[in-house]
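Just so you know, residue 1 is the first one in the sequence shown, and it goes up from there.
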Amino acid sequence: MNPIRGILPALATPFDAEGKFRPSSFELLLERVYSAGVHGVYVCGQTGEGLLMPVAQRKAAAEVAVRNSPAGKSVVVHVGAHTTADAVELVRHAASIGAAAISSLPPIGGYSFGEIRAYYEALAAASDLPLLVYFYPDAAPSVSTAAQVLELCQIPGVIGLKFTDFDLYKMETIKRQGVVLLNGRDEVLVAGLLMGADGGIGTFYNLVPELFVQVYEHTAAGRWDAARAVQTRINELIRLVLRFPCLPAVKRMLAWSGIDCGTCIAPRRELTAEETGELAALLGRSSFASSAFASAGR
């Protein structure tokens, strides 16, 4: 049985004015996405700024996610770090708190495929939790072929991957081998599900989780026209937000919806006052004008 499937928001991580993890806002965000029917959450990934957070704060975020997730929901903890030692520490912590699975970006920094494989081998050996590797050639070009991904999936303990790429032929080639595969490009979730993905993990799931759940449910029932129509609406929002720095814009919209996630960790910059005003104006002219994050921004 596939232990990880469905819609898993890659959660934003809230910070206070001093840049420290803010549990109360994280609890509100968890309540929001679970009320929309998501199947689990993905904690401290790129959207969650995990690589920029101290290990202790990442552990605290994972604990809040597990503690506030209903029975039957899957908490996947992203343990990727700049050192294997930190990643292994996070793996062992995730196992100790009852996470459903772990995941990791490849180490960022021009490492060879052999070095990346050794990294994943160390993570897989550190606990009995199922491990999702991460195919993201834009960030780690040393892993670029289906054959390389499938080699990583042969590591004992690895059950599959998050697939963040637009090459759906490659996705289908990998999925045919029976691995767990989660779509990582929000813009093409419906296409990824058509090509066999077991679900999706994404940034924009923070803002409109109910729409991503609708895409998943429509495709599961074979309602492909309905699924494509929802994806078209999602993509309207994505195109609008991507006119700005993505994560600062997402956090601003979460604040407008009543979930104050603070600012992003430097060196990521914040939206300027002009950008904030333009974002609010564009949302007000979009099909999302009546949503909480749009109406509060005006």
Participant: Run through Ile234, Val213, Asp186 and flag the one making a side chain to side chain contact (heavy atoms under 4.5 Å, CB included) with Tyr205.
Facilitator: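 Going through the options one by one, the only one that passes is Asp186.
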Participant: For residues 36-47, please give each side-chain donor-acceptor pair under 3.5 Å, one per line with the distance, not counting sequence neighbours.
Facilitator:
unit_1, atom_1, unit_2, atom_2, d
His39, ND1, Ile7, N, 2.8
Tyr42, OH, Ser103, OG, 2.7
Thr47, OG1, Thr203, OG1, 2.5

Participant: Counting only N and O atoms by type, is there a donor-acceptor contact under 3.5 Å from the side chain of Asp86 to the main-chain atoms of Ala81?
Facilitator: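 No, the answer is negative, given that no donor and acceptor are paired below the 3.5 Å cut-off.
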Participant: Would the distance check show the side chain of Asn206 and the main-chain N or O of Ala12 forming a donor-acceptor pair, the cut-off being under 3.5 Å?
Facilitator: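 Indeed, once roles are kept as given, a pair shorter than 3.5 Å links the two residues.
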Participant: My understanding is that a hydrophobic cluster links ILVMFWY residues whose side chain heavy atoms are under 4.5 Å apart, including indirect links. Using that, what else belongs to the cluster containing Phe166?
Facilitator: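 Once heavy-atom contacts under 4.5 Å are chained together, Phe166 belongs with Val188.
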Participant: Under 6.0 Å from the ring centre and within 45 degrees of the ring axis: does the NZ or CZ of Arg233 meet both conditions for the six-membered ring of Phe288?
Facilitator: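 Yes - Arg233 lies over the ring of Phe288, closer than 6.0 Å to its centre and within 45° of its axis.
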Participant: If you look at every heavy atom in Ala65 and Val75, which pair is closest and at what distance?
Facilitator: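 Looks like O-CG2, 3.8 Å.
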Participant: Checking Lys251 side chain against Thr13 main chain: does a donor-acceptor pair fall under 3.5 Å?
Facilitator: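 Judged by distance alone, yes, a pair lies under 3.5 Å.
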Participant: Just list the side-chain donor-acceptor pairs under 3.5 Å for residues 122-134, sequence neighbours left out, or say none.
Facilitator:
unit_1, atom_1, unit_2, atom_2, d
Ser127, OG, Leu129, N, 3.0
Tyr134, OH, Lys162, NZ, 2.9

Participant: Verify, without hydrogens or angle tests, whether Arg58 (side chain) and His78 (backbone) share a donor-acceptor contact under 3.5 angstrom.
Facilitator: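 A pair under 3.5 Å: yes.
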Participant: Looking only at atom types and distance, does a side-chain atom of Arg22 sit under 3.5 Å from a main-chain N or O of Asp260, one as donor and one as acceptor?
Facilitator: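 Side chain of Arg22 to backbone of Asp260, a donor-acceptor pair under 3.5 Å: yes, one is there.
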Participant: Closest heavy-atom contact between Val230 and His218?
Facilitator: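 Looks like CG2-CD2, 4.0 Å.
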Participant: Not counting sequence neighbours, which residues clear side chain to side chain contact (heavy atoms under 4.5 Å, CB included) with Glu115? List them please.
Facilitator: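 Applying side chain to side chain contact (heavy atoms under 4.5 Å, CB included) to Glu115 gives Tyr111, Ser112.
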Participant: Output all residues satisfying salt bridge (Lys or Arg N to Asp or Glu O under 4.0 Å) with Glu27, sequence neighbours left out; order by chain, then residue number.
Facilitator: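 By the salt bridge (Lys or Arg N to Asp or Glu O under 4.0 Å) rule, Glu27 matches no residue at all.
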Participant: Quick one: ring pair (Phe, Tyr, Trp, His ring centres under 6.0 Å) partners of Tyr119, sequence neighbours excluded?
Facilitator: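 None.
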Participant: Between Arg269, Arg252, Arg243, which is the residue that forms a salt bridge (Lys or Arg N to Asp or Glu O under 4.0 Å) with Glu275?
Facilitator: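 Going through Arg269, Arg252, Arg243 one by one, the salt bridge (Lys or Arg N to Asp or Glu O under 4.0 Å) with Glu275 is satisfied by Arg269 alone.
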Participant: Can you check whether Glu187's main-chain N or O pairs, donor with acceptor, with Asn235's side chain at less than 3.5 Å?
Facilitator: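 Answer holds: yes.
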Participant: Could you tell me if the side chain of Leu237 sits less than 4.5 Å from the side chain of Met253, heavy atoms only?
Facilitator: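 Yes; the side chains approach each other to less than 4.5 Å.
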Participant: Judged by modelled atom types alone, do Tyr34 and Ser69 share a side-chain donor-acceptor pair under 3.5 Å?
Facilitator: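 Judged by distance alone, the side chains do pair up.
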Participant: Find out whether Phe293 and Leu279 are in side-chain contact, i.e. whether some heavy atom of one side chain is under 4.5 Å from a heavy atom of the other.
Facilitator: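 No, every pair of side-chain atoms sits at 4.5 Å or beyond.
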Participant: Side chain of Glu49, backbone of Ile265: donor and acceptor closer than 3.5 Å?
Facilitator: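 Side chain of Glu49 to backbone of Ile265: a pair is present.
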Participant: Are more than 12 heavy atoms from other residues, nucleotides or ligands located less than 6.0 Å from atom CD of Glu31?
Facilitator: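 No, not enclosed.
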